[in-house]
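A quick note: this is a predicted structure, and the numbers were derived from the prediction, not measured. Counting starts at 1 for both ligands and their atoms, following the listed order. Numbers for residues simply follow the sequence, beginning at 1.
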Amino acid sequence: MYKQELTIIVQSIIASNTADQYAAAAKTLSDFYKKINSITFSQDNEKAVKGGVALSSLGAADCVDDYLRTVFFIKGIYKALTQLCHDFPDRSINVLYAGCGPYATLMLPLLPLFNKERINAVLIDINAISIASVQQLVTLIGLDEYQIQLLEADAITYTSPENFSIDLAVSETMDYALTKEPQVAIVQNIAAQLPAHGILIPKEIRVDLMYTFFDQEPYLKNAVTEVEGYKTLQPYPHSVFVNRLFTINKELFSKTTPVYKLESDFYKLPDNFSNHPDVCVFTEIKIFDDVELKTAESYITNPYCVVSLYSLINNSALQLVYDFSAIPKWSYNLKNE
Ligand SMILES: C[S@@+](CC[C@H](N)C(=O)[O-])C[C@H]1O[C@@H](n2cnc3c(N)ncnc32)[C@H](O)[C@@H]1O
């Protein structure tokens, strides 16, 4: 039984508040999973779904090593669960974790901090090996007494039963600039099922248009050795913030008719852009409350270059289009007035 060891690790994650502490606490969690896991994960079981590609079980396991991501999500989810337990003191809190991966990294470590009657969790993954792995971990860690239901299902189409009103939905199924993975399609499906008080994590994914020098912007290449908070990262000084394109949150998808494409307004192209020649998408994540992942703090908040302004010189305005009907991708439309 590893419950006590995991409790100490998650407490150190929640207490951490410097880059060194984040890195040390995340490493302990990663080492813990690697020590107790006995399943060999494959990198050949990626799955294409309607809104993107679900990572292989190996790729999903490796997410634990995106250190700031792991620490900040666990901190944010802990805050959300604590708030819900406070708001609803007389009943258990229904949690849907969509895309739990083989370690259920963002939920299993937190369970020992709550009384087993307080949390009622449904954990979904499209990958059967991930579900088998989480089942094994639940037993090994000693969490069998908790109300945990494990489901092999597609979170883009999953409908929760009527007797399971979701208090907290968690999904981290995204890559940088929302490319490749199906985060937005999953959020669209789950947001429509949340009651008014239901919390979605991440609470907001902010997608911004910037003109900048892409190669000069911070870009996380090794999340284990480059653990730096945004206060110490050096953004390119001549970048130009153009506008917030979209905010992916519960409200965006509260409508009943699903969409598969998001289109921005048209933005005037700059006449002089030698200092900021690239059209880029920046993503920041508000996980919950004051817990945020800023640019390049995680692989999933790395910036993305859509096109060079040098190739648009005969045009006057640009619109960005995010299409998540299949593997999510960015494109653009141009206007010449
Ligand atoms: C980026 S990994 C994250 C794993 C884990 N939640 C973590 O934070 O470390 C995303 C996981 O979501 C799963 N996934 C992706 N799309 C899915 C879908 N449509 N339905 C269910 N699971 C999905 C993948 O199989 C993968 O295990």
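Of all the atoms in ligand 1, the ones that sit under 4.0 Å from a non-hydrogen atom of T105 are 9 (O). The ligand atoms of ligand 1 that sit less than 4.0 angstrom from a heavy atom of D154 are 18 (C), 19 (N), 20 (N). Set against the non-hydrogen atoms of G99, the atoms of ligand 1 under 4.0 Å away are 4 (C), 5 (C), 6 (N), 11 (C), 12 (O), 13 (C), 22 (N). Contact atoms of ligand 1 toward A153: 20 (N), 21 (C) (distance under 4.0 Å to a heavy atom of the residue). The Y97 neighbourhood of ligand 1 comprises atoms 5 (C), 6 (N), 7 (C), 8 (O), with distances under 4.0 Å to a heavy atom of that residue. Taking every non-hydrogen atom of A155 and a distance limit under 4.0 Å, the qualifying atoms of ligand 1 come out as 18 (C), 19 (N), 20 (N), 21 (C). Each of the atoms 7 (C), 8 (O), 9 (O) of ligand 1 lies under 4.0 Å from some heavy atom of R69.
The number of heavy atoms from other shown groups lying within 6.0 Å of NE2 (H86) does not exceed 12. Other residues, nucleotides and ligands place more than 12 heavy atoms under 6.0 Å from the CD atom of E117.
The salt bridge (charged side-chain N to carboxylate O under 4.0 Å, His left out) test with D289 is passed by exactly one of K75, K79, K203: K79.
Ligand 1 has no atom lying under 4.0 Å from any heavy atom of A98.
A ring-centre distance under 6.0 Å is not found for H276 and Y236.
By heavy-atom distance, the residue among I300, D125, L106 lying nearest atom 26 (C) of ligand 1 is D125. Of the candidates D66, V49, I186, it is I186 that places a heavy atom closest to atom 17 (C) of ligand 1.
With a 4.0 Å cut-off on non-hydrogen atoms, C100 touches ligand 1 through its backbone and not its side chain. The side chain of E181, and not its backbone, has at least one atom closer than 4.0 Å to an atom of ligand 1 (non-hydrogen atoms only; side chain from C-beta on). The backbone and the side chain of L55 each have at least one atom closer than 4.0 Å to an atom of ligand 1 (non-hydrogen atoms only). With a heavy-atom cut-off of 4.0 Å, I126 touches ligand 1 through backbone and side chain alike.
The two atoms that bring P112 and T7 nearest to each other are CB-OG1, 3.3 Å, heavy atoms only. Listed here is the closest heavy atom pair of N127 and S57: ND2-N, 3.7 Å.
Salt bridge absent: D125 and K47 never bring a charged side-chain N and a carboxylate O closer than 4.0 Å.
Among protein heavy atoms, atom 16 (N) of ligand 1 sits closest to P182 CG, 3.3 Å. Looking only at heavy atoms of the protein, atom 14 (N) of ligand 1 is closest to A54 CB, 3.9 Å. Of the protein's non-hydrogen atoms, E172 O, 3.5 Å is the one closest to atom 3 (C) of ligand 1. Regarding atom 2 (S) of ligand 1, its nearest protein heavy-atom neighbour is C63 SG, 3.8 Å.
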Atom pairs and distances, donor-acceptor, side-chain atoms in residues 259-270, under 3.5 Å, two or more places apart:
| unit_1 | atom_1 | unit_2 | atom_2 | d |
| --- | --- | --- | --- | --- |
| S264 | OG | L320 | N | 2.9 |
| S264 | OG | L320 | O | 3.4 |
| Y267 | OH | N243 | ND2 | 3.1 |

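No donor-acceptor contact under 3.5 angstrom links the side chains of T247 and E204, judged on distance only. Side-chain polar atoms of N315 and N336 form no donor-acceptor pair below 3.5 angstrom.
K250 meets the side-chain hydrogen bond (donor to acceptor under 3.5 Å, both in side chains) test with no other residue; sequence neighbours excluded.
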